[in-house]
Enquirer: 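Quick one: structure below, then a few questions.
Below, each value reflects all heavy atoms present in this structure, side chains not excepted, and no hydrogens, waters or symmetry copies. This one's a predicted model, so the numbers in the text were calculated from it and none came from an experiment.
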Amino acid sequence: GTGVATTSVTTSNLDLQGELHWPVLDVQRAHIVMDDSSRVDISGKYDFAQKMIHDGTVNSSGAFGGQFLPADYSFETAAISAKFDGPLTSLTNSVKAQVKNFTVPHINPVNVDVSWNAEGLNAQSVEATLKSGSSSLMLRGSTDFGSKGNSVALNALELSNSNGVALRLEQPAQIALEQNTNAGTNHVWSITIDPLRLTGEGRGFSLAANVHWPERGAIQCEAHGLD
């Protein structure tokens, strides 16, 4: 169909091909062209009885999505390629995304490249690169989100400029956030940051923390040679 519209979303073309053999909906092809010429292609099978997705794919490109950002936030174009499979509560997903000229207040436009492989919100591997002019930030790591605590493991981190790598993560580090459910009426949160050390030629930065909010905490931060 053409001119299909919902709140904040208007399409100029919608092509849908699929079959329903209850309880499985087989979307063989859903091709959507937005009013801003962005394109979205979706395919996969959904089992209503087991609440599972099989062989799901999403590919999109264009400026669609910018209308949902807060005021003064924008991007030029975005491209996403995703594969997902499994129960809705713990989808296995593999995603690659590129965003060009992402703009936020008081910061120069940034190009973002992100990819990850995950089960639910737990990513076995995440890699992200942010570039603005001659400066860039690259990081690699993983995430672990549970009912009582969340953690992010940083395996690599590099800050670069036109002269090369300015700061590099010296060794893997972990950031953990936990809630103590046995603290009575007070919700006690703890955050632990393994010694996070960045080093470069004549430069250094380190951060470590062990905080039990709101009772006590210790934070150590050192820096030298940063300009």
Enquirer: Same cluster for L177 and L207 if Ile/Leu/Val/Met/Phe/Trp/Tyr side chains link at under 4.5 Å?
Expert: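 Both belong to a single hydrophobic cluster.
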
Enquirer: Is there a path from V165 to L196 through hydrophobic residues (I, L, V, M, F, W, Y) whose side chains come within less than 4.5 Å of each other?
Expert: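 No, V165 does not connect to L196 through the hydrophobic network.
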
Enquirer: When you measure from the side chain of N122 to the backbone of F145, do you find a donor-acceptor pair of N or O atoms at a distance under 3.5 Å?
Expert: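 Present.
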
Enquirer: Just by modelled atom types, is the W213 backbone N or O under 3.5 Å from a matching donor or acceptor in the E215 side chain?
Expert: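 Here the side-chain-to-backbone pair does not exist.
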
Enquirer: Where do Y73 and F102 come nearest, in terms of heavy atoms and distance?
Expert: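 Smallest heavy-atom distance, with atoms named: CD2-CZ, 4.4 Å.
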
Enquirer: Could you pull out the closest heavy-atom pair between V58 and I42, with the gap in Å?
Expert: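 Closest approach of V58 to I42: CG2-CG1, 4.2 Å.
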
Enquirer: Are the side chain of T143 and the backbone of L121 linked by a donor-acceptor contact shorter than 3.5 Å?
Expert: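 Yes; judged by distance alone, with no hydrogens or angles, the pair exists.
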
Enquirer: Supply the atom-to-atom distance Q171 CD to L154 CG, rounded to the nearest 0.5 angstrom.
Expert: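 Those atoms lie 12.0 Å apart.
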
Enquirer: Only one of I175, I219, V152 clears side chain to side chain contact (heavy atoms under 4.5 Å, CB included) with I193; which?
Expert: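 By the side chain to side chain contact (heavy atoms under 4.5 Å, CB included) criterion, I193 pairs with just one of I175, I219, V152: I175.
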
Enquirer: So which of L16, V40, D15 actually passes side chain to side chain contact (heavy atoms under 4.5 Å, CB included) with H31?
Expert: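 Only one option passes, and that is D15.
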
Enquirer: Provide the closest heavy-atom pair for L226 versus L167 in the form atom of the first, atom of the second, distance.
Expert: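 In this case the closest contact between L226 and L167 is CD2-CD1, 4.0 Å.
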
Enquirer: Quick check: does any side chain N or O of N111 sit under 3.5 Å from a backbone N or O of N101, one acting as donor and the other as acceptor?
Expert: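 Pair found, side chain donor or acceptor close to backbone of N101.
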
Enquirer: When clusters are formed by joining ILVMFWY residues with side-chain heavy atoms under 4.5 Å apart, either directly or through shared neighbours, do V112 and I80 land in the same one?
Expert: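 Yes, V112 connects to I80 through the hydrophobic network.
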
Enquirer: Would you say L20 ends up clustered with M52 if hydrophobic residues are merged whenever their side chains have heavy atoms under 4.5 Å apart, either directly or through other cluster members?
Expert: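 No, M52 and L20 fall in different hydrophobic clusters.
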
Enquirer: Using the ring of each side chain (for Trp, its six-membered ring), is W22 parallel, tilted or perpendicular to F48, with breaks at 30° and 60°?
Expert: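 Parallel, since the angle between the ring planes stays under 30°.
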
Enquirer: Donor-acceptor pair, distance only, cut-off 3.5 Å: does the side chain of N210 make one with the backbone of T192?
Expert: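 Absent.
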
Enquirer: So how far is it from L91 CG to K83 NZ, rounded to the nearest 0.5 Å?
Expert: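 Reported value, rounded in 0.5 Å steps: 15.0 Å.
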
Enquirer: Could you give the distance from NE2 (H212) to CD1 (I191), rounded to the nearest 0.5 Å?
Expert: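 CD1 of I191 is found 11.0 Å from NE2 of H212.
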
Enquirer: I'd like to know if the side chain of S43 and the backbone of R29 have a donor-acceptor N/O pair within less than 3.5 Å.
Expert: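 The answer is no, because no donor-acceptor pair under 3.5 Å joins these two groups.
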
Enquirer: Between V211 and W189, is there a side-chain heavy-atom distance shorter than 4.5 Å?
Expert: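 Not touching, per the 4.5 Å side-chain cut-off.
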
Enquirer: Mind listing the closest non-hydrogen atom pair of V99 and A78 along with its distance?
Expert: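 Taking every non-hydrogen atom into account, CG2-CB, 4.2 Å.
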
Enquirer: Might you point out which heavy atoms bring K96 and S115 nearest each other, and give the distance in Å?
Expert: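 The pair with the smallest heavy-atom distance is CG-CB, 3.9 Å.
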
Enquirer: Does a side-chain heavy-atom distance below 4.5 Å link V27 with Y46?
Expert: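 Sidechains of Y46 and V27: no contact.
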
Enquirer: How long is the span from the CG atom in L198 to the CG atom in L157, to the nearest 0.5 Å?
Expert: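 One gets 5.5 Å once the value is rounded to the nearest 0.5 Å.
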
Enquirer: Look up atom CG in D85 and atom OG in S94, then write down how far apart they are to the nearest 0.5 Å.
Expert: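 Those atoms lie 11.5 Å apart.
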
Enquirer: Do other residues, nucleotides or ligands put more than 12 heavy atoms under 6.0 Å from Q28 CD?
Expert: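 Above 12, so yes.
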
Enquirer: Apply the test side chain to side chain donor-acceptor pair (under 3.5 Å) to residues E19 and H21: give CA-CA distance (whole Å), side-chain angles for both, the deciding distance (0.1 Å), then the verdict.
Expert: CA-CA 6 Å; E19 297 177 345; H21 298 285; 3.2 Å; yes

Enquirer: For residues 123-142, please give each side-chain donor-acceptor pair under 3.5 Å, one per line with the distance, not counting sequence neighbours.
Expert:
{"from": "S125", "atom 1": "OG", "to": "N117", "atom 2": "ND2", "distance (Å)": "3.4"}
{"from": "S132", "atom 1": "OG", "to": "P109", "atom 2": "O", "distance (Å)": "3.1"}

Enquirer: Out of curiosity, L88 CG to S90 OG, how far, rounded to the nearest 0.5 Å?
Expert: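 Output value for this atom pair is 9.0 Å.
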
Enquirer: Between E76 and A63, what is the shortest heavy-atom contact and its length?
Expert: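 The answer is O-CB, 3.5 Å.
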
